[in-house]
Amino acid sequence: MNKKVVLLAGLVLAVLVVWQLGWLDALTFDNLKQQQANLMAMRDAQPLMVSVVYLLIYVGVTALSLPGAAIMTLAGGAIFGLGWGLLLVSFASTLGATLAMLVSRFFLRDWVKQRFSHSMKKLDDGVEREGAFYLFALRLVPAFPFFVINLAMGLTRMKIWTFWWVSQVGMLVGTAVYVNAGTQLAQLQSPSDILSIQLLGAFVLLGVFPLLARKALEIYKSRQALRQWKKPAHFDTNLVVIGAGSGGLVSAYIAAAVKAKVVLVEKHQMGGDCLNTGCVPSKALIRSAKLAHEMRHADHYGLKSQQPEVDFAAVMDRIHAVIAEIEPHDSVERFTGLGVDVRQGSAKLISPWEVEITLNTGEMQRVTTRSIILATGAEPFVPDLPGLDKVDYLTSDNLWQLRDLPKRLLVLGGGPIGCELTQAFQRLGSQVTQVERGERLMAREDEDASQLVMQHFRQEGVDLRLQHQALRFEVTGDKKYLIAQKVAGEEVSIEFDRVVIAVGRKPRLRGYGLEELGLLPEEAKTLDTLDTNNYLQTIYPNIFACGDLIGPFQFTHAASHQAWHATVNALFGDFKKFAVDYRFLPWATFTDPEVARVGLNEQEAKEQGIDYEVTTYGIDDLDRAIADGQAYGFVKVLTQQGKDKILGVTLVGPHSGDLIAEFVLAMKHGLGMNKLLGTIHIYPTMTEANKFAAGNWKKAHAPETVLGWLQKFHQWRLK
Ligand SMILES: Cc1cc2nc3c(=O)[nH]c(=O)nc-3n(C[C@H](O)[C@H](O)[C@H](O)COP(=O)(O)OP(=O)(O)OC[C@H]3O[C@@H](n4cnc5c(N)ncnc54)[C@H](O)[C@@H]3O)c2cc1C
């Protein structure tokens with residue numbers, strides 16, 4: 001039997017025994033009054049012994065959350081007087097409370113965590129940030145039963161030491177009042193005489209005090225940050241948005257939609273990375289590559305396979321044509337039409353309310369503003385590898401200017417960008433070698449997802465070099481080499497024609513006033529993002545940030561999601577602020593097979609100690625996938641143990657980035673596997689994969705007993 005269950009049974013038994021023996025009956029107000037003289041005589045005879053016994057009983061009562069702590073506290077005063085009584089009670093009550101908290105943590109925390117994993121994470125984060133304040137407030141207000149507080153805190157991740165000292169200090173005033181009342185026991189008619197309404201009111205005020213103090217501290221800190229700067233008497237605009245990428249455009253759009261005066265500054269290209277060097281060109285490239293791949297394998301569909309003649313310059317021209325076609329969505333004209341004051345130039349923070357703009361024409365302008373949103377994005381991180389400057393390397397920034405298809409392409413990095421580019425170039429005809437220092441590609445995803453992608457890459461001819469650490473580049477004549485180290489220490493030399501560096505993205509933190517305003521910690525590392533709170537505020541309450549600059553998810557839709565919060569908080573935060581929530585943020589990597597995800601995957605659930613069930617459905621079984629000749633991949637759903645609540649989904653296979661939307665909706669609105677199963681899906685579509693996954697979950701949770709009875713019922717009906 002489970003060790004915890006045995007221990008819990010023992011504990012319950014101990015409480016029942018104490019109860020049955022009637023020991024708790026002694027802990028009444030009247031009994032204490034009757035026995036006071038005897039207890040004092042005992043104290044006079046054996047002061048140390050009586051103190052120790054009193055302490056142990058007190059600790060036992062509070063640790064087991066038994067009723068009687070208030071009477072014990074009065075008794076402390078009645079027997080030992082104010083000084084010694086207060087000392088004893090203060091330590092006994094804190095020790096007992098801490099033990100009660102630990103008992104609750106030992107028996108209940110895992111159980112609660114498994115059932116309410118999302119809420120527990122939020123609670124833990126909250127407790128870590130401000131748990132001490134809340135505990136202090138609760139301790140000061142006697143309206144909250146202490147035993148409930150002990151048990152509740154046990155469910156959180158509060159440190160034992162924090163719990164101890166906050167409890168000791170927080171309970172001190174209340175304890176003193178009760179111990180003091182105990183010294184006047186003869187004059188008291190009932191325990192209710194101790195707490196007058198006025199006294200209770202004073203306690204409540206005391207309890208609320210730390211929270212008010214905290215708020216005041218926050219206001220003080222932000223005032224301090226702002227104090228050194230002169231606030232303009234008048235603002236030219238409500239909002240300045242710096243950067244017109246995914247985050248900045250959405251911010252400016254929302255601000256203009258709610259009729260705020262907004263200035264949007266972009267120093268390079270409207271649309272930022274997503275339109276010009278990221279999502280759009282990469283997906284256009286992938287489309288050409290997919291067609292080339294299909295031409296090569298046309299015989300799978302009864303057509304003659306062909307070795308595609310790739311006109312790489314034309315592929316690139318198409319990519320630029322696609323960008324040009326989408327460009328108007330993000331253009332100066334469109335945003336000006338929406339009411340945004342777009343300025344093309346470079347912005348620099350001068351103060352928390354003032355932005356200097358160096359227009360592309362060379363003209364300088366200054367704009368005073370009530371709020372600022374930083375949406376300056378990120379750029380490819382280029383590691384400091386010896387010899388890199390000699391190999392004319394490519395990154396996602398300059399790759400789109402290529403006119404010739406590299407014969408041998410080296411891709412450094414096994415993350416989403418590296419993987420998408422690897423497969424696209426391999427399909428277009430390059431011989432791609434992909435170098436990754438980890439054990440597998442897309443390390444953030446589950447192992448089975450990575451494995452399926454790697455299997456496809458290898459089948460398509462990609463030379464995958466895993467567990468290879470890039471050391472340096474060497475050039476001999478017109479030959480270029482990467483020297484990499486394998487795990488065993490052996491060095492290998494990989495020859496290439498062009499290399500793409502795709503080892504991460506570096507937030508744009510420098511050169512536009514963040515350092516001068518003290519927004520960057522001195523020890524900021526290269527890949528560090530800008531710090532904001534949950535409302536996306538920086539240390540200056542009127543400077544907000546969104547997008548790749550702040551992470552933690554560097555996607556266009558993450559930037560837009562944050563932009564809404566940053567803008568609404570910037571414009572209306574004085575009345576109501578909204579905390580950003582990433583629980584239902586999905587993403588996809590557009591390799592073939594596509595890998596899409598929302599919520600937890602298995603590796604995260606394990607790391608966080610969350611008890612989950614896994615249901616999978618193999619897309620190789622799906623009619624539409626078979627008809628399309630794309631029968632590979634899977635749907636993997638993590639659900640709460642014994643419930644149909646969806647904790648996370650990993651989808652691997654064709655169109656995963658689209659199929660995941662149904663799960664995002666379900667999770668966001670609390671719909672479980674039963675609801676998914678009860679929803680009609682069109683036949684034959686890929687979306688049926690979602691429903692069949694729900695069907696597999698249902699089969700695994702079939703009510704066997706009821707089905708047994710039903711079988712008997714039907715057999716009986718045959719008679
Ligand atoms: C190859 C690749 C493929 C990608 N594919 C996808 C995908 O499929 N799906 C997805 O969701 N995401 C994808 N991304 C990520 C996506 O592009 C980014 O998450 C998104 O662009 C972030 O938007 P942002 O507004 O934070 O920054 P950005 O788009 O980088 O915009 C920041 C803008 O700020 C401007 N700026 C910076 N400093 C200043 C200044 N001082 N003054 C004025 N202007 C300034 C910059 O010029 C830039 O235009 C991809 C990225 C890459 C590189």
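Along the sequence shown, residues are numbered consecutively beginning with 1. Read the numbers this way: they start at 1 and go in the same order the structure lists the ligands and their atoms. The figures that follow rest on heavy atoms only: side chains count, while hydrogens, waters and symmetry mates do not.
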Aromatic centroids of [Y] and [X] separated by under 6.0 Å:
X: His565; Y: His561; result: yes
X: Phe578; Y: Tyr535; result: no
X: Phe473; Y: Phe496; result: yes

I need the Ile494 CD1 to Thr433 OG1 distance, nearest 0.5 Å.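 It is 6.5 Å, given to the nearest 0.5 Å.
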Any idea which part of [X] is under 4.0 Å from ligand 1, heavy-atom wise: side chain, backbone, both or neither?
X: Phe590; value: side chain
X: Ser282; value: side chain
X: Ile417; value: side chain
X: Phe555; value: both

Ignoring hydrogens, just give me the one of [options] whose non-hydrogen atom is nearest [atom].
atom: atom 20 (C) of ligand 1; options: Gly247, Ser246, Pro416; result: Ser246
atom: atom 32 (C) of ligand 1; options: Gly272, Ala375, Gly345, Gly278; result: Ala375
atom: atom 21 (O) of ligand 1; options: Gly418, Ser396, Cys274; result: Cys274
atom: atom 27 (O) of ligand 1; options: Pro281, Ala545, Gly377, Pro586; result: Gly377
atom: atom 43 (C) of ligand 1; options: His268, Lys267, Met270, Glu356; result: Lys267
atom: atom 7 (C) of ligand 1; options: Arg343, His557, Gln269, Lys283; result: Lys283

Would you call Asp497 and Lys407 a salt bridge, taking side-chain N to carboxylate O under 4.0 Å as the test?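 No.
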So, using disulfide bond (SG atoms under 2.5 Å apart) as the criterion, who are the partners of Cys274 when residues are at least two apart?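 Residues passing disulfide bond (SG atoms under 2.5 Å apart) with Cys274: Cys279.
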Inter- and intrachain pairs under side chain to side chain donor-acceptor pair (under 3.5 Å), touching residues 310-327, at least two apart: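 Only Asp317-Arg403 qualify under side chain to side chain donor-acceptor pair (under 3.5 Å).
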Any idea which protein heavy atom is nearest atom 15 (C) of ligand 1, and the distance to it?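 Atom 15 (C) of ligand 1 sits closest to the protein heavy atom Gln554 O, 3.6 Å.
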Could you check atom 34 (O) of ligand 1 against the protein and tell me its nearest heavy-atom contact, residue, atom and distance included?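 For atom 34 (O) of ligand 1, the nearest protein heavy atom comes out as Gly243 CA, 3.2 Å.
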Under 4.0 Å, counting heavy atoms only: does Glu420 come that close to any atom of ligand 1?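 Glu420: no contact with ligand 1 (<4.0 Å).
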